[in-house]
Amino acid sequence: MNADEEDDITEELLADAGRLTGLSLELLGLDPHPDDMTPEQLLLFDPEDLAEMAAVPADDRQEAVSRTRLLAGLLWNSSGVLIDQLFRDLETLVGPDAVTPSGIAKSCVLSSLPPQFASSYDAGFTRKFLVVASDVAASLGRGWAAPGCIAAELAVRCLLDQAEITEDIYELDLPEDWRAQVEEVLLEDADSAALYVDGPDAAEIDTASLGFEQWFKPFAAGHVVPAYARS
């Protein structure tokens, strides 16, 4: 990668940042500035904290804003890449030997899902997962809604995996520990991380709530899962 390519991707991602209207920069980890707060928001902070926020040098503030906007653009861009790669995975799921652990391991997105269920990642599953992933991606623009099922949580994790790949390829200057910050916001109280546990602890997974047959079931009555995924 040369400097021109790095500049091009940075400009593209900064342009995409404005499209990620479902999450604020503050939710992505940017400390707010008192001058940008409403009177109601100011009441949520102690005077000492407000003074500390206001004392951040302008150059440092601008750098933090730029890094967070770059992260916002990366998430938006990665959501599109995720859907495109799921379509590619779907195209490969033909023939009697297509759905095997080794075959899934070579896929673009399905390889990021819990490997113990790889033999179940057939074309029917992938179509349902693609619909759920598309709904997750849409939330980044229309207003974020917490994942309504295990499959949606896994789609968020796949999206963040894609974002990390892009970060590594282009050596992006992102906020420190950005993934942990984003996961805290997008996957608050999520249990799906347990599906990636290896070794003896893997046997302790609660199959009643995390089993493969539960992945497309809404967590509760107030959670919405696209109709196609529930068929």
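The shown structure was predicted, so the numbers you read here are calculated from the model rather than taken from an experiment.
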Kindly indicate whether the side chain of [X], heavy atoms from C-beta on, has any atom under 4.5 Å from the side chain of [Y].
{"X": "Thr68", "Y": "Val65", "result": "no"}
{"X": "Ile165", "Y": "Ile169", "result": "yes"}
{"X": "Phe219", "Y": "Asp191", "result": "no"}
{"X": "Leu71", "Y": "Val182", "result": "yes"}
{"X": "Arg19", "Y": "Asp16", "result": "yes"}
{"X": "Leu195", "Y": "Phe117", "result": "yes"}
{"X": "Leu93", "Y": "Asp122", "result": "no"}

Does any N or O in the side chain of [X] come within less than 3.5 Å of the main-chain N or O of [Y], such that one atom is a donor and the other an acceptor?
{"X": "Gln181", "Y": "Leu27", "answer": "yes"}
{"X": "Arg67", "Y": "Pro175", "answer": "no"}
{"X": "Asp89", "Y": "Val109", "answer": "yes"}
{"X": "Thr126", "Y": "Leu90", "answer": "no"}
{"X": "Arg127", "Y": "Tyr228", "answer": "no"}
{"X": "Ser107", "Y": "Gly103", "answer": "no"}
{"X": "Ser78", "Y": "Leu75", "answer": "no"}
{"X": "Gln41", "Y": "Thr38", "answer": "yes"}

Shortest non-hydrogen contact from [X] to [Y]?
{"X": "Val156", "Y": "Pro147", "value": "CG2-CG, 4.1 Å"}
{"X": "Pro32", "Y": "Phe45", "value": "CG-CZ, 4.2 Å"}
{"X": "Leu159", "Y": "Ser79", "value": "CD1-CB, 3.7 Å"}
{"X": "Pro101", "Y": "Ala118", "value": "CA-CB, 3.9 Å"}
{"X": "Cys158", "Y": "Leu82", "value": "CB-CD1, 3.9 Å"}
{"X": "Val185", "Y": "Trp144", "value": "O-NE1, 4.4 Å"}

Between Arg142 and Asp135, does a side chain to side chain contact (heavy atoms under 4.5 Å, CB included) hold up when you go through it step by step? CA-CA 10 Å; Arg142 68 175 176 234; Asp135 189 54; 2.7 Å; yes
Enclosure of [X] [atom1] (heavy-atom neighbours >12, cutoff 6.0 Å):
{"X": "Glu52", "atom1": "CD", "answer": "no"}
{"X": "Asp60", "atom1": "CG", "answer": "yes"}
{"X": "Glu184", "atom1": "CD", "answer": "no"}
{"X": "Glu176", "atom1": "CD", "answer": "no"}

Start with the C-alpha gap between Glu153 and Trp215, add the side-chain angles, then the distance that decides, and say whether side chain to side chain contact (heavy atoms under 4.5 Å, CB included) holds. CA-CA 9 Å; Glu153 290 186 2; Trp215 284 12; over 6 Å; no
Side chain to side chain contact (heavy atoms under 4.5 Å, CB included), that's the test. Do Leu28 and Leu20 meet it? Break it down for me. CA-CA 11 Å; Leu28 295 180; Leu20 191 103; 4.0 Å; yes
Report the C-alpha distance between Asp36 and Arg61 in whole Å, list the side-chain angles of each, state the deciding distance to 0.1 Å, and finish with yes or no for salt bridge (charged side-chain N to carboxylate O under 4.0 Å, His left out). CA-CA 12 Å; Asp36 300 327; Arg61 170 70 178 175; 3.5 Å; yes
Going through the distances and angles, do Ser192 and Arg157 end up as a side chain to side chain contact (heavy atoms under 4.5 Å, CB included)? CA-CA 9 Å; Ser192 53; Arg157 297 186 187 281; 3.0 Å; yes
Quick one: sort the Phe125 and Phe212 rings into parallel, tilted or perpendicular, breaks at 30° and 60°. tilted
